[in-house]
Asks: 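Questions regarding the structure given below will be posed in turn.
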Amino acid sequence: MKTTGWLFDLYPLGDRMVLWFITASGQRLRLEDDFPYCLYLGGPQARLQPLARILGQKGWLRRAYLSRGRDLWTGREIPVVALEVKAYGFLPRVRQWLGTLPAEVAAYNCDLDIAAAYLYTRGYWPCAWYELQAEDGRLLHLEPMEDAFALEFSVPPLNTLFLSLTRDRLIPLGAGNGLAVGWEDRTLELEAPDAPGLVRELARWLKSADPDLVLSDWGDDAIIPTVWRWSREYGAPLPLDREANPVPRRFSRGRSYFSYGRIVYQGSSAPFAGRWHLDRRNSFYYRESGLMGLIQIARIGQMPLQQAARSSPGTLITSMQLARAVADGILIPWRKAEPEHFKTAAELLTIDKGGLTFMPPIGLHTQVAEVDFASMYPTIMAIHNISPETVNCSCCLGEGAKGGKAVASSQWPVVSTSLTGDHCLPLVLPSIPVGATRRVAPDWPSSCNDLVPEAGYRLCHRREGLVPRTLRPILALREQLKARAKELPPEEAAPYKQRQTALKWMLVTCFGYLGYKNARFGKIEAHEAVTAYGRDKLLCAKETFEAAGFTVLHGLTDCLWVQKPGWDCRRGGPACPPSGEQTQGCAPTRGNSLSLTATQYEAELEDLCAKVFRITGVKLALEGVYRWIYFMASKQDPKRPVATRYFGVFEDGSLKVRGLMCRRRDTPPFVRRAQEAMLAKMALAATPRELAALRPSLEEMAQGFRQCLREGGINPQELVITRVLSQPLADYKVDTPTALAARQLEAAGIHIQPGEKVRYVHREGKKGPKECRVAAAPFLETLDGYDTTIYLELIERAMAEVMLPLREY
DNA sequence: TGCCAGTAAAG
DNA sequence: CTGCCTACTGGCA
């Protein structure tokens, strides 16, 4: 049988993979494909043969044979023994045994996810169209009809069943909470007298609808584990899977883990076999980028979609790197091999600095433009060939600087950290086959490309690293998606935006992962190299703008706020407000710059952006010109500016707000909306004078909000504060509202894990008994009132923040 | 007033 | 796939 099909779902079963296709004619097709899991052993030849024999005798192997693979760190081909495991069920035992091997024997490719390993080695990816050939339910041949990184792709229509709870997810199903299903624009609560009845009702829906996609809210953590337990307890069959054979279903507990210095909670997962279950509330990527974003990352990450949905960006980018490695014949180390090189305290001070910041002048400013580097860190990794194995690589050792010190040699001069001159053109490495030895062309301006600024690390010029090879196609596709979204009308642009957003998160995380001690493809020196180049490039941008007569007001990692006094903003009013604090940014205009029009201003900015791009190799884009922008002072020391709190209005009337209360997730909705309403009003002002003129009406608005709070009668939901439990409840030393609320839930039998959200309303003053201070959601129905004082304080603070620019005129 | 614990933002 | 750095608040000595 020959047909075309869309690879929908796949999972391991016994010793083979099961693949589900949706064919062009709409058929749901289940096929099996024989796939032995293969891992490798490297080390002294004499050791390997006997080891393979021992494994063979244990009956865990299908076969073992000599092979070759490439070492990640050296790029050299090495001999290995390939071991094909008889059935997937033996893998845990094999891994355990491998862990007992002496250090001279290295195990490779032994901890990959089975479905992912299948996709990597076969060169397939999910959610794509294939020409396929099959017989008796066995896959004979599969030929992709499109590219994984294609700009356009099509998705067959998916039968979708919605599943949700009728009340708060913390209320257990069956104990006051109901189950609702949605199908074809209708939603109804399932009526059943008892648990087995509910299971039968749900089973009936699954059977009759036979959905491809079950889209749920809290399905992973709350709904599916419960209904599945009932199904087993009462012997009521529940066809969650399309797979007819028994599929192991274990509901792992959710995990709490750290990411970017903050704790996050990933709930347990409940995937189905042969159809998709997506829990919207338990999927980072669904939340951030919707179904199209998910499909995008499943494709390029070569990971089954249900897994991709529940993965962190870190897992996804790692999967892409693994796929790249397998495609390039690189052996995947089991545990991270390279320790961080020793650094002196002085070196740490100069190197490990992160992003560069220029502090803004406090107060209101006009004629300010913001320029941002696009995907700065990933682009740096791509164009400078930064990868764990390319920083201070052994293959180029002796050709330049040594071991992290900028040692000058006749061949590789140390360059100044300033990039303003034209001595350093950006260089995009040609795609070098990994491992291929390639001599550097003599005309490469290699000095700055191979020596990391400040740190002086060497970068490989023989091999293109795994990370750049992985990033390059993502960067290219994201660029295309962004461009496509821009040229389309909004309603058609949405899928491209979603896909673009999904890629953004992979790119961002890729940088973070370079710095993680335990990341498989991490190396702290590579991380430092990226930030060092980043500082260099931001500095270059600053100097370029200053050389053109601009003042740089503010800078943050990859953004710059610049100003050229004198542009007449054609709305009257002085070019800049007369305020003592700001004379630095608003020096008296000299010469003829008053004749500058807005268009000329933008054109000049674009010109300079293009120039910075030519020098640095990273695209600098004009984010916009502000009608006005306000940089906030520290609350602790009003004379000191803070880098991350500002707000302003662009020429097109749109707002940009950072760091204010309305941006915080622990601000109650009522306060957030109040502040947003004030800001929306302020966005109408084109000049500081107009802004000042808004004062009476803004005061009136603020008064209205206060009044509203005093009168009471606000929906408690509007006053809910959402916070993340930062540690196990028992570890709390202070009775913060968060801890008090979590304890109330604990008392009601609801256990909150670190990283999970806690929601509460302030109920009684801070001095009252601790048990009464807050009321935890979802138990707000009985709430008799709220602490007016606390909420008035919050609203006061929110109002004060946005009223600051009015005091300037 | 200074210090600590707890929490969150922007990049 | 596992602990940036800085700002801010609230409570306590």
Side-chain angles (χ1 to χ4, degrees), chain A residues 111-113 116 255-266 307 310-319 321-322 334-336 352-360 370 372-378 504 507-522 524 527-528 530-531 534-535 538 554-560 623 632-637 640-647 656-667 721-727 731-740 742 754-755 757-758 762 766-767 770 773 790 793-794 797 801:
Chain A
D111 53 352
L112 303 183
D113 175 79
R255 331 173 277 121
S256 307
Y257 63 94
F258 272 93
S259 174
Y260 280 83
R262 99 158 38 145
I263 192 152
V264 285
Y265 178 78
Q266 175 72 43
Q307 259 159 276
R310 293 160 176 92
S311 297
S312 66
T315 311
L316 244 300
I317 192 73
T318 304
S319 178
Q321 290 169 350
L322 294 170
W334 190 1
R335 284 176 285 250
K336 193 183 163 280
D352 198 16
K353 288 191 298 203
L356 196 59
T357 307
F358 308 117
M359 278 305 193
E370 181 184 337
D372 299 354
F373 279 110
S375 303
M376 185 201 235
Y377 285 166
K504 179 184 84 182
L507 294 173
V508 168
T509 321
C510 186
F511 161 69
Y513 258 49
L514 274 182
Y516 280 145
K517 278 200 292 292
N518 291 325
R520 202 192 290 259
F521 300 112
I524 195 71
H527 190 270
E528 291 162 0
V530 175
T531 55
R535 292 189 292 275
L538 191 70
H554 183 28
L556 205 56
T557 310
D558 57 0
C559 320
L560 227 44
E623 168 89 348
M632 298 182 60
S634 161
K635 287 195 181 171
Q636 290 155 8
D637 176 1
R640 200 161 45 87
V642 288
T644 57
R645 291 156 54 77
Y646 60 86
F647 59 106
K656 182 159 182 176
V657 182
R658 291 297 180 266
L660 297 199
M661 283 174 83
C662 63
R663 296 277 298 182
R664 299 174 64 101
R665 55 180 172 181
D666 62 350
T667 299
I721 292 172
T722 305
R723 282 210 151 127
V724 168
L725 198 70
S726 65
Q727 52 190 326
D731 293 2
Y732 274 84
K733 296 184 191 91
V734 177
D735 292 322
T736 61
T738 313
L740 292 171
K757 286 174 189 154
V758 180
H762 282 289
K766 292 165 192 171
K767 282 161 200 101
K770 286 182 174 168
R773 286 185 195 172
I790 288 184
E793 259 171 48
L794 284 178
R797 226 180 273 160
E801 274 184 344

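Any value given below was found using the heavy atoms of this structure, including those in side chains, with hydrogens, waters and symmetry copies removed. Within every chain, numbering begins at 1; the chains are lettered A, B, ... in the order of the sequence lines, protein sequences first and strands thereafter.
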Asks: On the nucleotide dA7(C), are OP1 or OP2 found under 4.0 Å from the side-chain N or O atoms that Arg640(A) carries?
Replies: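 Yes, because at least one side-chain N or O of Arg640(A) sits under 4.0 Å from OP1 or OP2 of dA7(C).
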Asks: Once you apply a heavy-atom cut-off of 4.0 Å, does Tyr646(A) come out as touching a base, just sugar-phosphate, or nothing?
Replies: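 If one applies the 4.0 Å heavy-atom cut-off, Tyr646(A) turns out to touch the sugar-phosphate alone, with no base involved.
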Asks: Between dG11(B), dA5(B), dA8(B), which nucleotide has the shortest distance from any of its atoms to the side chain of Lys733(A)?
Replies: dA5(B)
Asks: Where do Tyr732(A) and Ser726(A) land on the side-chain contact (heavy atoms from CB on, under 4.5 Å) test, with the steps shown first?
Replies: CA-CA 9 Å; Tyr732(A) 274 84; Ser726(A) 65; 3.2 Å; yes
Asks: Select base, sugar-phosphate, or nothing to describe what Ser312(A) touches, counting heavy atoms under 4.0 Å on all strands.
Replies: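 Nothing, no heavy atom under 4.0 Å.
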Asks: So Gly314(A), base contact, sugar-phosphate only, or nothing? Heavy-atom distance under 4.0 Å.
Replies: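 No contact.
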Asks: Which residues satisfy the salt bridge (Lys or Arg N to Asp or Glu O under 4.0 Å) test with Arg723(A), sequence neighbours excluded?
Replies: Asp666(A)
Asks: Measure the distance from CZ on Arg723(A) to P on dA9(B) and round it to the nearest whole Å.
Replies: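 Interatomic distance, CZ of Arg723(A) to P of dA9(B): 10 Å.
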Asks: Among dC1(C), dA9(B), dG11(B), which nucleotide sits nearest the side chain of Arg665(A)?
Replies: dA9(B)
Asks: Go through dC8(C), dA9(B), dG6(B) for me and flag the one nearest to the Arg664(A) side chain.
Replies: dA9(B)
Asks: Closest approach to the side chain of Ser726(A), judged atom by atom: which nucleotide of dG11(B), dG6(B), dC8(C) is it?
Replies: dG6(B)
Asks: Heavy atoms from C-beta onward define the side chain here; which of dG10(C), dT7(B), dA9(B) lies closest to that of Glu793(A)?
Replies: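 Per side-chain heavy atoms of Glu793(A), the pick is dG10(C).
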Asks: Any base atoms under 4.0 Å from Ser634(A), or only sugar-phosphate, or nothing? Heavy atoms, all strands.
Replies: sugar-phosphate
Asks: Using the side chain to side chain contact (heavy atoms under 4.5 Å, CB included) rule, pick out the option among Thr531(A), Leu507(A), Val508(A) that qualifies with Tyr377(A).
Replies: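 Only one option passes, and that is Thr531(A).
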Asks: Find the distance Ile524(A):CD1 to dC4(C):C1' and express it as a whole number of Å.
Replies: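 Spelled out: CD1 on Ile524(A) to C1' on dC4(C) is 10 Å.
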Asks: Whole angstrom is fine here: how far is it from NE2 in His554(A) over to P in dA10(B)?
Replies: 12 Å
Asks: Given Watson-Crick or G-U pairs with both distances under 3.5 Å, what dot-bracket string fits DNA chain C, with | for other-strand pairs and [ ] for crossing?
Replies: .....||||||||
Asks: In whole Å, I'd like the distance from the CZ atom of Arg663(A) to the P atom of dC8(C).
Replies: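 Going from CZ in Arg663(A) over to P in dC8(C) covers 16 Å.
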Asks: Specify the separation, in whole Å, of atom CG of Leu660(A) and atom C1' of dA9(B).
Replies: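 Rounded to whole Å, this separation is 11 Å.
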Asks: Rounded off to whole Å, could you give me the CG-to-C1' distance for the Asp558(A) and dC4(C) pair?
Replies: 15 Å
Asks: Phosphate oxygens OP1/OP2 of dG11(B): is one of them under 4.0 Å from a side-chain N or O of Thr644(A)?
Replies: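 Checking Thr644(A) against dG11(B): no side-chain N or O falls below 4.0 Å of OP1 or OP2.
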Asks: So how far is it from Met632(A) CE to Tyr646(A) OH, rounded to the nearest 0.5 Å?
Replies: 12.5 Å
Asks: Looking for any heavy atom pair under 4.0 Å, which part of the strands does Thr736(A) touch: base, sugar-phosphate only, or nothing?
Replies: sugar-phosphate
Asks: What integer distance in Å separates Gln636(A):CD from dG10(C):P?
Replies: 12 Å
Asks: Whether the Ser312(A) and Thr315(A) side chains hold a donor-acceptor pair (N or O, under 3.5 Å, no angle test) is what I'd like checked.
Replies: yes
Asks: Once side chain to side chain contact (heavy atoms under 4.5 Å, CB included) is applied, do any residues pair with Cys559(A), and if so which ones, sequence neighbours excluded?
Replies: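 Cys559(A) satisfies side chain to side chain contact (heavy atoms under 4.5 Å, CB included) with Glu370(A), Asp372(A), Trp561(A) only.
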Asks: With rounding to the nearest 0.5 angstrom, report the NZ to CD distance, Lys733(A) to Gln727(A).
Replies: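 Rounded to the nearest 0.5 Å, the NZ-CD separation comes out at 6.5 Å.
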Asks: Can you check the Lys504(A) NZ to dA10(B) C1' distance for me, whole Å?
Replies: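 Atom NZ in Lys504(A) sits about 12 Å away from atom C1' in dA10(B).
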Asks: Does dG11(B) have OP1 or OP2 sitting under 4.0 Å from an N or O in the side chain of Arg535(A)?
Replies: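 For Arg535(A), the contact criterion (side-chain N or O under 4.0 Å from OP1 or OP2 of dG11(B)) is not met.
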Asks: Test side-chain contact (heavy atoms from CB on, under 4.5 Å) on Glu801(A) and Cys662(A) and set out the steps.
Replies: CA-CA 10 Å; Glu801(A) 274 184 344; Cys662(A) 63; over 6 Å; no
Asks: Within the pair Arg255(A) and dT2(C), is there a side-chain N or O less than 4.0 Å away from OP1 or OP2?
Replies: no
Asks: Using a heavy-atom cut-off of under 4.0 Å over every strand shown, decide if Tyr377(A) touches base, sugar-phosphate, or nothing.
Replies: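 Here Tyr377(A) touches no strand at all.
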Asks: Between dG3(C) and dG6(B), how far is it from one C1' atom to the other, in whole Å?
Replies: 15 Å
Asks: Nearest 0.5 angstrom please: Asp731(A) CG to Leu725(A) CG, how far?
Replies: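 Reported value, rounded in 0.5 Å steps: 9.5 Å.
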